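What follows is a single structure, written as structure tokens, with notes after it.
Values reported hereafter were calculated over all heavy atoms of this structure, with side chains retained and with hydrogens, waters and symmetry mates removed. Reminder, nothing fancy here: chain letters follow the sequence lines and each chain counts from 1. Quantities reported herein were computed from a predicted structural model and do not represent experimental measurements.
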Amino acid sequence: MPRKTGPLLPLPDAPARRRFRTTLLAWYRAQGRDLPWRRTRDPYHILVSEIMLQQTQVDRVLPKYHEWLGKYPSFEALAAAAEDDVVQTWRPLGYNIRPRRLQSIAREAVSNHGGQLPSDEATLLSFKGIGAYTAGAVMSFAFGKRAAILDTNVARVLFRVFVGEGEPKSHAMLKHLWELSRAVLPHKHVFDFNQALMDFGATVCTARKPQCLYCPMRKRCAYRNGAST
DNA sequence: GTCCGGTCCC
DNA sequence: GGGACCGGAC
């Protein structure tokens, strides 16, 4: 017996992908937020921001990001710090396993990778604290690779625009949303595009009270207009 | 009080 | 597949 599979969800055709990219990038250039980790390509700075942004909103991360980089300006500095000090500095962001994992990545980078963060997906995923989302973020933001991302914001945006109905959190849906994230990814402007996806989900296509009036996709959004028909 | 969230681990 | 982690938003 073949395993039960959900209905096959189609990926958007080339014109639809292109419209989405163009619209989203135009929105981002006009409305995207100016955040400090969007002005750097330093892998250490990118990694610190991404670990902090796991389960933590931008407004709470901003001051801690600056404090952290002031205190631990490099992988070497973080690797050499006392663990208790590192955990204390992290407060009150929460999920206090994260600073320990960040420091262990720093120590690994210093000991085994010449003080650099590895850029290949398999090595990034081998670090505790780096999962599929953070690996994609690091590859695209720090190393300029054409890597897709899927965090909760991106998943919500892609689900609403291109799918609109079904179980948003099912395993099959998440697999489809990863495929969508890869399918819509442009060849150029990958950094801006991925930042735009997250920014759009965080500020317009929000979980509660989405700002559809200000959404440049509203006329083509499957969720807003009804997925079928 | 209830929901939310990336990753790890069971 | 489901719970733990830790705080904030509503």
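Closest approach to the A:N96 side chain among B:dG5, C:dG7, B:dT7 is made by C:dG7 (side chain taken as heavy atoms from C-beta onward). The side chain of A:Y133 has B:dT7 as its nearest neighbour among B:dG5, B:dC8, B:dT7. Across C:dG1, B:dT7, B:dC8, the shortest atom-to-atom separation from the side chain of A:H171 is found for C:dG1.
Neither OP1 nor OP2 of B:dG6 sits under 4.0 Å from any side-chain N or O of A:T134. Residue A:K169 places no side-chain N or O under 4.0 Å from the OP1 or OP2 atom of C:dG1.
Salt-bridge check for A:D192 with A:R38: failed, with every basic side-chain N at 4.0 Å or more from each acidic carboxylate O.
One atom, CZ of A:R208, and another, C1' of B:dC4, lie 7 Å apart when rounded to the nearest Å. If you take CG of A:L53 and P of B:dT7, they are 12 Å apart, rounded to a whole angstrom. Atom CG of A:L102 is separated from atom P of B:dG6 by 17 Å (rounded to the nearest Å). When rounded to the nearest whole Å, the span between CD of A:Q55 and P of B:dC3 equals 18 Å. In this structure, A:I105 places its CD1 atom 13 Å from C1' of B:dG6, rounding to the nearest Å. Rounded to a whole Å, the CH2 atom of A:W90 is 13 Å from the C1' atom of C:dC5. Distance A:D151 CG to B:dC4 P: 15 Å, rounded to the nearest Å. In this entry the distance linking CD of A:Q57 with P of B:dG6 reads 11 Å, nearest Å.
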Query raised in the report: Stepwise, does the side chain to side chain contact (heavy atoms under 4.5 Å, CB included) test hold for A:R156 with A:T152?
Result: CA-CA 6 Å; A:R156 186 174 56 253; A:T152 188; 4.3 Å; yes
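Side chain of A:D151 to backbone of A:Q54: no donor-acceptor contact under 3.5 angstrom is found. Using a distance-only test at 3.5 Å, with no hydrogens or angles considered, a donor-acceptor pair links the side chain of A:W90 to the main chain of A:G94.
Residue-level contact check: A:A132 touches the backbone only, with heavy atoms under 4.0 Å from sugar-phosphate atoms and none from bases. Using a 4.0 Å heavy-atom distance criterion, A:K209 is classed as making no nucleic acid contact. Residue-level contact check: A:R60 touches the backbone only, with heavy atoms under 4.0 Å from sugar-phosphate atoms and none from bases.
Taking the ring centre of A:F191 as origin, the terminal cationic atom of A:R41 falls inside the region bounded by 6.0 Å and 45° from the ring axis.
When each of A:T152 and A:F127 is assigned the nucleotide of DNA chain B bearing its nearest heavy atom, the one mapping closer to the 5' terminus is A:T152. Place A:I97 and A:S170 on DNA chain C by their nearest nucleotides, and A:S170 ends up nearer the 5' end. Residues A:A207 and A:I130 both approach DNA chain B. Their nearest nucleotides, taken by heavy-atom distance, put A:A207 toward the 5′ side.
A donor N or O paired with an acceptor N or O is found under 3.5 Å between the base of B:dG5 and the side-chain atoms of A:Y95.
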